[in-house]
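What follows is a set of notes on a single structure, which appears directly below.
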Amino acid sequence: MRIGLLTEGGYPYVNGDAGLWCDRLVRGLEQHQFEVYALSRTEGQEDAGWVALPPQVSRVRTAPLWTAQDDGVDHGRRARRRFAESYGALAAALCEGDPSDAAGLSQAGPTAQADRFATALYGLAELARDEGGLVGALRSEDAVRALERACRAPGALRTAREARVPDLLAVAAHLESALRPLSLDWYDDQGDEAGRGLGAVDLCHAASGGAAALPGLLARHFFDVPLLVTEYGVRLRTHYLSSQYLNSGNGPSPAGPGNAPSAVTAPAATSPAMTAPAVRALVAAFHGRLAAEVYRQAACVTSGNAHARRWQERCGADRAKLRTVYPGMETARFADVGDSPDTADPHTLVWIGRVEPAKDLVSLLHAFAEIRKEEPRTRLRIIGAASGEEGRAYLGHCRTLAAQLFPDEADGPHAVGDNPVSFEEIGGPESATLADAYASGAVVVLSSVVEGFPVGLVEAMLCGRATVSTDVGAVVEVIGGTGLVVPPRNPRALAAACVALLHDPERRARLGAAARARALELFTVEQNVEAFQGIYLELASQAPMRRFLFDDDGEPRPFAVPPEACLPGPWTGPDAPVTARTGPAWAAGPPARDASAVAATEAAR
């Protein structure tokens, strides 16, 4: 099968998001041929290079979201009119008021709004395909004026009607960045192997929502290629929760040597309007409409947990298309610890993760003060690095709080005092590896107030450790009764659960064994790869046949292909040559197979 893997700021870049998951998927499905279509977020990400790619990755095509070269396309009068109509309709769909709002004049329902947005989006895509690009048009003054007309139209959102010129420039710049995939030359189904694009693949698999899914959406529109969307973190949820999104690497970039000059880029990147209410409302409306269209056109949408799945449903995904595929994790590095649960210090609690305010270490420290009243010998190890400036400031605050709550203690009058709370990082003398860190504690604690899929919790389960966690995100789904769960921001409940496990070593052992068994059943790389293999085959079996046989006169030959040969892939036609697959220079392909060997293999199957 020929798979088009679509990523945004991820695989195959060294410092990309979800790169490890995609790499494990590609390596686990070595019987398929993968083509990677990657959108990069920053110049630094591109400069860092790619990970080592396996031979089944036959091609990688990349494009930046952080900058755009002037495509040099000079649109004629007819093309400009088409652009004005489609872009104006897109802007109107974003600015349209909510029918439930008494102040809104629009009486259109959500379905009509979605249809208008989709019609406008595909109109822009067809124009870009016909004219060779839309970069200049999307960065033009005409785009800003169309957006202004939509904001001032009757029935527009109240927030949109309040948009000022800097707000309109910021929104137009963000739309230009988000719609850059429309101008790419990735959409083709003709030519030789090197020239064929997403139109010739058997399946598009978007490794995230948002911009990554847009090329798959166009392949679905132009060539009816099935689209599979995987979201371990719902991208739309990120837009809703983070008001600083526009200032991140996903948003518009300042003008520079690689940017085409326009009326949009420079003012938008530096304007305070980037975080204005009108900007946030219109950007959220765009990503909400885009997510709904992606969910509507996708043949299947997978999530990493029920928490993300509920978000997908709320954002418009059809429940019949949804599947839950848990992330796969390597179990080998935790095997020794998991098989030796009795090596832990019975008086040590361990917290492992990225230090940031969402992890609520302040509540953990206050809970530990309560624990020390019941168990004076207990120690707390906080292991992890700070995340960014905010994380470093939070780590300093936590160190100060720990020094205030727990004065240094000494065993005798002539000994040096020691604080029962330690702040460490992986690679230190007592935690050389992640497995060593989990092995050092009898109970692993998670105190977060916001959490998606708790990877650290799964690692603790693979190590056979009893856990105490706060009820946030997918924690309850992951734990499944193999650990204790308490409400977030409740130090007293957190302390009571930890004390209960510290007093009962047999219960700790039972919970740890059950947790390890559950993790090995649900959260391994093998189950993840097997699940996607089944989804690939299911979607391919439901997709229309797009390859036909012709006779010597060029007439189609119906029924020339037996049903059992209608499996997707460029090698399945009866006339397809059996030769070595051509691969990139940096990835040696498999050895050539002769026809007799292939026939013997197929007969054995």
Self-check item: Validation row, ring centre Phe453 to ring centre Phe523 under 6.0 Å
Solution: yes
Under 4.5 Å between any side-chain heavy atoms of [X] and [Y], yes or no?
| X | Y | result |
| --- | --- | --- |
| Val476 | Val478 | no |
| Phe532 | Leu228 | yes |
| Thr470 | Leu446 | yes |
| Leu20 | Val51 | no |

Heavy-atom pair of closest approach, residues [X] and [Y]:
| X | Y | result |
| --- | --- | --- |
| Asp471 | Val485 | CB-CG1, 3.5 Å |
| Tyr87 | Ala146 | CD2-CB, 3.8 Å |
| Ala137 | Ser140 | O-OG, 2.6 Å |

Taking salt bridge (Lys or Arg N to Asp or Glu O under 4.0 Å) as the definition, give me every residue that meets it alongside [X], ordered by chain and number, with sequence neighbours left out.
| X | result |
| --- | --- |
| Glu451 | Lys359 |
| Glu313 | Arg319 |
| Arg24 | Glu330 |
| Arg489 | none |

Report yes or no: does [X] contribute a side-chain atom to a donor-acceptor pair with the main-chain N or O of [Y] at less than 3.5 Å?
| X | Y | answer |
| --- | --- | --- |
| Arg220 | Val294 | no |
| Thr7 | Tyr11 | yes |
| Thr119 | Arg116 | no |
| Arg161 | Cys151 | no |
| Asn490 | Pro487 | no |
| Thr302 | Val325 | no |
| Thr230 | Ala207 | no |
| Ser303 | Asn305 | yes |

Does [X] pair with [Y] as a salt bridge, N-O distance under 4.0 Å?
| X | Y | value |
| --- | --- | --- |
| Arg289 | Glu293 | no |
| Asp115 | Arg296 | yes |
| Arg145 | Asp142 | no |

When rounded to the nearest 0.5 angstrom, what distance separates [atom1] in [X] from [atom2] in [Y]?
| X | Y | atom1 | atom2 | result |
| --- | --- | --- | --- | --- |
| Cys300 | Ile535 | SG | CD1 | 4.5 Å |
| Leu198 | Leu184 | CG | CG | 9.5 Å |
| Cys204 | Trp186 | SG | CH2 | 10.5 Å |
| Glu46 | Thr67 | CD | OG1 | 9.0 Å |
| Leu6 | Leu214 | CG | CG | 10.0 Å |
| Leu179 | Leu134 | CG | CG | 8.5 Å |

Residues two or more places apart in sequence or in another chain: which of them pass side-chain contact (heavy atoms from CB on, under 4.5 Å) with [X]?
| X | value |
| --- | --- |
| Arg77 | Arg80, Arg81 |
| Glu148 | Arg152, Leu168 |
| Ala358 | Glu356, Val450 |

Practice problem: Sorted by first residue and then second, give each ring-ring contact (aromatic ring centres under 6.0 Å, His included) pair with at least one member in residues 118-162; sequence neighbours left out. | Solution: Tyr122-His221
Quiz item: What pairs meet the ring-ring contact (aromatic ring centres under 6.0 Å, His included) rule with one or both residues in residues 136-156, with sequence neighbours excluded?
Solution: none
Exercise. Tell me, please, which residues at least two apart from Tyr536 pass ring-ring contact (aromatic ring centres under 6.0 Å, His included).
Key: His205
Exercise. Would you indicate whether Glu390, at its atom CD, is surrounded by more than 12 heavy atoms from other residues, nucleotides or ligands within a distance under 6.0 Å?
Key: no
Exercise. Could you note down all residue pairs passing salt bridge (Lys or Arg N to Asp or Glu O under 4.0 Å) where residues 123-136 supplies at least one of them, sequence neighbours left out?
Key: Arg82-Asp130
Quiz item: Among all residues two or more places apart in sequence or in another chain, which pass the side-chain hydrogen bond (donor to acceptor under 3.5 Å, both in side chains) test with Gln312?
Solution: Glu231
Checking [Y] against [X]: is there a side-chain donor and acceptor pair closer than 3.5 Å?
| X | Y | value |
| --- | --- | --- |
| Ser40 | Gln45 | no |
| Tyr326 | Glu477 | yes |
| Tyr37 | Arg59 | yes |

Quiz prompt | Stepwise side chain to side chain contact (heavy atoms under 4.5 Å, CB included) check, Val171 with Phe286 | solution = CA-CA 10 Å; Val171 174; Phe286 170 78; over 6 Å; no
Exercise. Quick one: do Glu35 and Arg2 satisfy salt bridge (charged side-chain N to carboxylate O under 4.0 Å, His left out)? Show the steps, please.
Key: CA-CA 7 Å; Glu35 296 181 6; Arg2 188 177 180 183; 2.5 Å; yes
Self-check item: Test side chain to side chain contact (heavy atoms under 4.5 Å, CB included) applied to Phe222 and Asp188, step by step
Solution: CA-CA 9 Å; Phe222 289 132; Asp188 194 6; over 6 Å; no
